[in-house]
Chemist: 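Got a structure for you, questions after.
The model shown is predicted, which means the values in this text are computed figures rather than measured ones. Sequence lines set the chain letters: A, B, ... in the order given, protein chains first and strands last, and positions in each chain run from 1.
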Amino acid sequence: MATDIEEHLAVFRRGVVDLIDEQELRAKLALGRPLRIKFGMDPSSPDLHVGHAIPLMKLRALQDLGHQIVLIVGSSTAMVGDPTGRNKLRPQLTREQVEINLATYIDQAGKVLDMERTEVHRNSDWFDKLDFGGLLALCGRTTVARMLERDTFDQRMKAGEAVGMHELLYPLLQGWDSVEIRADVELGGTDQLFNLLFGRTLQEQEGQSPQVCFTTPLINGSDGRKMSKSYGNAIAVTEEPKEMFGKIMRIPDEVMGQWFELLTDASPAQIEALLAGHPNEAKHELARRIVGYFHSPQIGQRESEAFIAQFRDKQLPDDIPDVVFDGEWSADGLPLPVLLRGVGLAQSSSDARRLIEQGAVRLDGEVVSDPKHLLVPPAAPLLIQVGKRRFARVSAKA
RNA sequence: GGGCGGAUACCCAAGCGGCCAACGGGGGCAGACUGUAAAUCUGCUGGCAUAGCCUUCGCAGGUUCGAAUCCUGCUCCGCCCA
């Protein structure tokens with residue numbers, strides 16, 4: 001590998017928050033061999049969102065430069081549960097669940113990373129062999145004070161919340177992974193910095209050259225808060241194109257620049273030009289690119305056009321699902337809330353009732369705001385719209 | 001082992017015998033305005049074929065005409081003492 005150090009450095013640096021430290025990285029690159037770049041995967045939440053894709057895209061770029069990506073499956077650490085960013089104890093996972101989640105993960109991460117060229121290890125491979133004495137020895141490598149430096153522990157304790165004894169082990173285990181696989185570099189989210197740095201300590205104790213650590217930002221979700229499935233603001237990498245496009249269009253303008261930088265390959269100059277134009281145009285371009293990446297450029301283009309047609313030109317979407325209501329239409333008519341719930345346009349009939357009362361429901365284009373509205377079986381499929389985005393053509397059971 | 005405090009809906013957090021399906025905030029949903037952005041205003045936010053009924057306030061019992069509120073036991077968490 002003929003290393004152009006500056007070129008590689010530029011790839012390492014793009015969009016990263018921490019890089020500890022650049023001189024060390026330079027020296028490692030100067031060795032002229034592929035670097036072993038470690039990335040830890042938490043098998044507790046298998047569904048990836050685009051925020052997870054950021055480090056993966058970084059890895060892919062490095063992979064394409066010839067570096068060796070080493071994916072560590074936290075099969076043992078998952079049983080501990082990463083305390084990072086948590087204000088509660090996490091449930092511990094079983095081995096079976098870990099394997100199921102891993103399979104899903106590999107499948108989804110494979111959209112970004114070339115899994116054929118990726119080394120995968122389960123850290124249970126080595127931690128299962130660790131006996132009690134070994135565990136004690138490992139614990140003896142650090143101090144309680146050092147572990148308690150972490151913000152998350154500190155905050156939780158101050159807030160009177162529980163911190164499990166086993167959680168203190170987490171950084172230790174993650175750090176030991178670096179020793180086991182002789183990592184040259186480790187990548188993680190900014191919230192992982194403490195864990196990443198801890199690997200350096202252990203590697204040094206073991207006489208290894210400490211890994212370079214670098215972090216990618218945690219991206220904000222469609223509501224501007226940190227993207228997380230539990231906030232309901234995440235965009236899954238498996239999201240259907242239309243949904244994905246729509247969700248990207250709903251991100252706050254302020255985060256567009258960040259999204260371009262982290263989730264597209266647009267050059268800094270292109271990004272600057274796009275952001276200088278009309279925000280709506282820029283966001284369209286962003287959505288087109290991201291959908292294009294996770295699906296295909298053709299699909300990205302198609303969704304872009306569909307989006308304009310539906311929301312600017314107020315046309316009906318071209319893919320309204322046909323739904324058959326399989327309940328009974330009683331003689332005196334079917335109450336609208338029951339139908340909405342029955343065809344999945346509302347979560348419950350109470351929910352449906354509220355939507356109707358708020359004027360969110362249209363039948364064949366006409367707002368119906370009476371929750372007692374009764375329906376007879378339609379001769380032709382009935383077009384129902386709920387809110388701005390939910391559509392269905394409903395027909396009666398044959 | 002002892003003492004004290006806590007557990008409320010998606011999250012935070014009031015309530016401390018009836019007026020409680022439970023204040024307030026966040027989030028979410030819907031409407032207006034827009035660029036399906038933000039900001040702003042408004043309404044809603046347990047379920048039910050809904051003027052009514054049913055299930056919720058850690059779990060299980062009890063007291064009472066009536067309990068999220070009182071009592072007993074249990075589980076979990078925190079703090080202090082050992």
Chemist: Is the number of heavy atoms from other residues, nucleotides or ligands within 6.0 Å of CD (Glu22(A)) greater than 12?
Modeler: yes
Chemist: Which base sits across from U50(B) as a Watson-Crick or G-U pair, both distances under 3.5 Å?
Modeler: none
Chemist: Do other residues, nucleotides or ligands put more than 12 heavy atoms under 6.0 Å from the CD atom of Glu272(A)?
Modeler: no
Chemist: Please tabulate, one pair per line, each protein N/O and nucleotide N/O from nucleotides 41-45 of chain B that are separated by under 3.5 Å, including the distance.
Modeler:
unit_1: G43(B); atom_1: N2; unit_2: Gln358(A); atom_2: OE1; d: 2.7
unit_1: G43(B); atom_1: N2; unit_2: Gln358(A); atom_2: NE2; d: 3.3
unit_1: G43(B); atom_1: N3; unit_2: Gln358(A); atom_2: OE1; d: 2.7
unit_1: C44(B); atom_1: O4'; unit_2: Gln358(A); atom_2: OE1; d: 3.2

Chemist: Could you check whether atom CD of Glu119(A) has more than 12 heavy atoms from other residues, nucleotides or ligands sitting under 6.0 Å from it?
Modeler: yes
Chemist: Return the pairing partner of A32(B) with a 3.5 Å limit on both distances, Watson-Crick or G-U wobble; otherwise return none.
Modeler: U40(B)
Chemist: Contact class for Gly246(A) (heavy atom, under 4.0 Å): base, sugar-phosphate, or nothing?
Modeler: base
Chemist: What orientation do Trp126(A) and His121(A) show, parallel under 30°, tilted 30 to 60°, or perpendicular over 60°?
Modeler: tilted
Chemist: Choose from G35(B), A38(B), A30(B) the nucleotide whose nearest atom is closest to any side-chain atom of Arg389(A).
Modeler: A30(B)
Chemist: What class does the angle between the rings of Phe194(A) and Phe198(A) fall in, given that below 30° is parallel, 30 to 60° is tilted and above 60° is perpendicular?
Modeler: parallel
Chemist: What side-chain donor-acceptor pairs closer than 3.5 Å can you find for residues 338-351 of chain A, not counting sequence neighbours?
Modeler:
unit_1: Ser348(A); atom_1: OG; unit_2: Ser350(A); atom_2: N; d: 3.4
unit_1: Ser348(A); atom_1: OG; unit_2: Asp351(A); atom_2: N; d: 3.0
unit_1: Asp351(A); atom_1: OD2; unit_2: Gln347(A); atom_2: N; d: 3.0

Chemist: On RNA chain B, check which nucleotide each of Gln347(A) and His278(A) is closest to and give me the residue with the more 5' one.
Modeler: His278(A)
Chemist: Please give the distance between the C1' atoms of C48(B) and G58(B) as a whole number of Å.
Modeler: 27 Å
Chemist: Should Val112(A) and Leu59(A) be marked as a side-chain contact (heavy atoms from CB on, under 4.5 Å) after you check the CA-CA gap, both sets of side-chain angles, and the distance that decides it?
Modeler: CA-CA 9 Å; Val112(A) 179; Leu59(A) 292 173; over 6 Å; no
Chemist: Show your reasoning for whether side chain to side chain donor-acceptor pair (under 3.5 Å) applies to Thr264(A) and Arg289(A).
Modeler: CA-CA 7 Å; Thr264(A) 74; Arg289(A) 281 173 181 256; 4.6 Å; no
Chemist: Any strand counts, and the cut-off is 3.5 Å on both contacts for Watson-Crick or G-U wobble. Which nucleotide pairs with A82(B)?
Modeler: none
Chemist: Whom does C74(B) pair with, Watson-Crick or G-U wobble, provided both distances fall under 3.5 Å?
Modeler: G58(B)
Chemist: Taking only nitrogen or oxygen atoms into account, show me every contact under 3.5 Å that the protein makes with nucleotides 49-52 of chain B, one pair per line with its distance.
Modeler:
unit_1: A49(B); atom_1: OP2; unit_2: Arg341(A); atom_2: NH1; d: 3.3
unit_1: A49(B); atom_1: OP2; unit_2: Ser349(A); atom_2: OG; d: 2.8
unit_1: A49(B); atom_1: N1; unit_2: Ser330(A); atom_2: OG; d: 3.1
unit_1: U50(B); atom_1: N3; unit_2: Arg353(A); atom_2: NE; d: 3.3
unit_1: U50(B); atom_1: O4; unit_2: Ser349(A); atom_2: OG; d: 3.0
unit_1: U50(B); atom_1: O4; unit_2: Ser350(A); atom_2: N; d: 3.0
unit_1: U50(B); atom_1: O4; unit_2: Ser350(A); atom_2: OG; d: 2.9

Chemist: Looking at Arg182(A), I'd like to know if its CZ atom is crowded, meaning that more than 12 non-hydrogen atoms belonging to other residues, nucleotides or ligands lie closer than 6.0 Å.
Modeler: no
